[in-house]
Amino acid sequence: MSLTNGYPDDLSGIVNLFDIEQMAASKMSRMAYEYVASGAADEVTLRWNREAFNNIKLNTTVLNDVSVIDTKLSLFGQQLAHPILIAPTAFHRLMYAEGEIATAKGAGASQTTYVVSSFTTTPLEAIAAVATQPLWFQLYVRDDRAYTKDLVQKAEALGYQALCVTVDTPTPGIRNRQVKAGFALPEEVIAHYSLGEIGAPKKPITWKDIEWLQSFARIPVLLKGIMNPEDAAKAVDAGVGGIVVSNHGARNLDTVPATIEVLPYIADKVNEQIPILFDSGVRRGTDILKALALGAKAVMIGKPVCYGLACGGAAGVGKVIQILLDELLLAMILTGRTNLKAIDRSVIWQ
Ligand SMILES: Cc1cc2nc3c(=O)[nH]c(=O)nc-3n(C[C@H](O)[C@H](O)[C@H](O)COP(=O)(O)O)c2cc1C
Ligand SMILES: CC(C)CC(=O)C(=O)O
């Protein structure tokens, strides 16, 4: 089994996130590429995640003073340079030899908060040791709840600043392409905190576990994978710190709607009581603008970060974020919005 751990490619020809996916497709092992790129079943939602963004039209305003653009925001007391986070994705050493270390360095170079997956292939302390920007931790609750509690407390002690509890994966979805590509972790790639549980847990989490997690967590608890306004209302009632509107990058249940389609309904329900983050399908600065306009405070990027990592290690990760940030700046200038607060629903043509 050969890993995709060659030297970083020359990234100078990469001008957008579709270019880097194309480069990754030719560079990564088939198994690793199929693992990252595939969606659930017939990949209908995978296509919808993009189509839905493309079907939303923007409304410009002209003759605004757009000489200074400010992308800063404050989230859970953290000052973020921009509203783009690295989504939690598993098994980075499958994509690049340095794995999550390179991702953390790329996040540092691009002033990006990095949400480290429970399926990290690098220990949490080693990632913390190289991070220069905030880290968050994504939690898959293990069947062993005592182990889960220790893991959360370990992440807290290491300075991880928020907990994204993934609530949409009592089982991974139908992943035909991964099966066909013979997905299996090579021996040398170790998911340190998986306890060997990669499929469905025996004790799937419920709202009771959310209550339990909040009884001891000292960092904000976010629920990742909310797609239903009623669940969003329950999350507010449960007193969580925030939610992530996500369909898991279309990897779980095929034919659920695109996230950008459900976002405004969820935002209406939540009514600014807690922050909403957003992911699945964000590939352009205009996508970020649309997500912010429809109620998200920030967005997370999954697959493109994996492609950046595979093609260029830390530099590739940094490049992906930088491209998105440059595109967001242009989208703000061209719609006459000089800061994130000014991005409201009037940016959407209706
Ligand atoms: C290769 C890969 C691995 C992932 N692993 C995790 C994970 O370990 N935990 C999790 O909560 N979400 C995981 N996700 C979902 C991402 O956090 C995120 O929701 C999704 O990738 C966003 O969509 P995008 O890839 O279109 O940007 C993974 C996604 C991909 C592509
Ligand atoms: C091991 C997987 C369930 C990790 C994941 O969330 C994903 O591949 O989407």
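It should be emphasised that the depicted structure is a prediction, and the values quoted were computed from it without experimental measurement. Residue numbers run from 1 in the order of the sequence given. Because only heavy atoms are used, hydrogens play no part in the values below, and waters and symmetry mates are left out as well, while side chains stay in. In each ligand, atom 1 is the first atom listed, and ligand 1 is the first ligand listed.
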Exercise. Is it true that Val36 lies under 4.0 Å from ligand 1, counting heavy atoms only?
Worked result: yes
Problem set entry | Residue and atom name of the nearest protein heavy atom (relative to atom 13 (C) of ligand 1), distance in Å to one decimal | Pro88 O, 3.0 Å
Between the protein and ligand 2, are there any N or O atom pairs that come within less than 3.5 Å of each other, and if so, what are their names and distances?
{"from": "ligand 2", "atom 1": "6 (O)", "to": "Tyr140", "atom 2": "OH", "distance (Å)": "2.6"}
{"from": "ligand 2", "atom 1": "6 (O)", "to": "His248", "atom 2": "NE2", "distance (Å)": "2.8"}
{"from": "ligand 2", "atom 1": "8 (O)", "to": "Tyr35", "atom 2": "OH", "distance (Å)": "2.6"}
{"from": "ligand 2", "atom 1": "8 (O)", "to": "Arg175", "atom 2": "NH1", "distance (Å)": "2.8"}
{"from": "ligand 2", "atom 1": "8 (O)", "to": "Arg251", "atom 2": "NH2", "distance (Å)": "2.9"}
{"from": "ligand 2", "atom 1": "9 (O)", "to": "Arg175", "atom 2": "NH2", "distance (Å)": "2.9"}
{"from": "ligand 2", "atom 1": "9 (O)", "to": "His248", "atom 2": "NE2", "distance (Å)": "2.9"}
{"from": "ligand 2", "atom 1": "9 (O)", "to": "Arg251", "atom 2": "NE", "distance (Å)": "2.8"}

For this session: Heavy-atom distances under 4.0 Å are what count here, so tell me which part of Arg283 touches ligand 1: side chain, backbone, both or neither.
Result: side chain
Exercise. With no hydrogens and no angle check, do the side chains of Gln322 and Asp326 hold a donor and an acceptor under 3.5 Å apart?
Worked result: yes
For this session: Please write down residue, atom name and distance for the protein heavy atom closest to atom 12 (N) of ligand 1.
Result: Lys224 NZ, 3.0 Å
Problem set entry | Tyr193 and Phe119: CA distance, side-chain angles, deciding distance, ring pair (Phe, Tyr, Trp, His ring centres under 6.0 Å) verdict | CA-CA 6 Å; Tyr193 313 107; Phe119 285 113; 9.9 Å; no
Exercise. Cationic tip of Arg251 within the cone over Tyr35's six-membered ring, i.e. under 6.0 Å and within 45° of the normal?
Worked result: yes
For this session: Can you sort out which atoms of ligand 1 are near Ser246, meaning under 4.0 Å from one of its heavy atoms?
Result: 19 (O)
Exercise. So which heavy atom in the protein is nearest atom 19 (O) of ligand 1, and how far is it from that ligand atom?
Worked result: Asp279 OD2, 2.8 Å
Problem set entry | Element-labelled atoms of ligand 1 that are located less than 4.0 Å from some non-hydrogen atom of Lys303 | 24 (P), 25 (O), 26 (O), 27 (O), 31 (C)
For this session: Verify whether one side chain among Thr103 and His92 offers a donor that lies under 3.5 Å from an acceptor in the other.
Result: yes
Exercise. Any luck finding a side-chain donor-acceptor pair between Thr166 and Gln138 under 3.5 Å?
Worked result: yes
For this session: State whether a side-chain donor-acceptor pair under 3.5 Å links Thr113 with Gln133.
Result: no
Problem set entry | Nearest protein heavy atom with distance in Å, relative to atom 11 (O) of ligand 1 | Thr166 OG1, 2.7 Å
Problem set entry | Short N or O distance, Phe119 and ligand 1, threshold 3.5 Å exclusive | no
For this session: Report the part of Gln138 (side chain from C-beta onward, or backbone N, CA, C, O) that has a heavy atom under 4.0 Å from ligand 1; answer both or neither where that applies.
Result: side chain
Exercise. Would Tyr140 count as a contact of ligand 1 if the rule is a heavy atom under 4.0 Å away?
Worked result: yes
Exercise. Of the backbone atoms (N, CA, C, O) and the side-chain heavy atoms from C-beta on, which set of Thr89 has a member under 4.0 Å from an atom of ligand 1: side chain, backbone, both, or neither?
Worked result: both
Which donor-acceptor pairs under 3.5 Å do side chains of residues 255-265 form with protein atoms, sequence neighbours excluded?
{"from": "Thr259", "atom 1": "OG1", "to": "Asp279", "atom 2": "O", "distance (Å)": "3.1"}
{"from": "Thr259", "atom 1": "OG1", "to": "Ser280", "atom 2": "O", "distance (Å)": "3.3"}

For this session: May I ask whether Ser118 places a heavy atom under 4.0 Å from ligand 1?
Result: no
Seminar exercise, completed: Among non-hydrogen protein atoms, atom 21 (O) of ligand 1 lies closest to Gly302 CA, 3.6 Å
Problem set entry | Backbone N/O of Thr121 and side chain of Glu100: donor-acceptor pair under 3.5 Å | yes
Problem set entry | Shortest protein heavy-atom distance from atom 8 (O) of ligand 1, along with the residue and atom involved | Ser117 OG, 2.7 Å
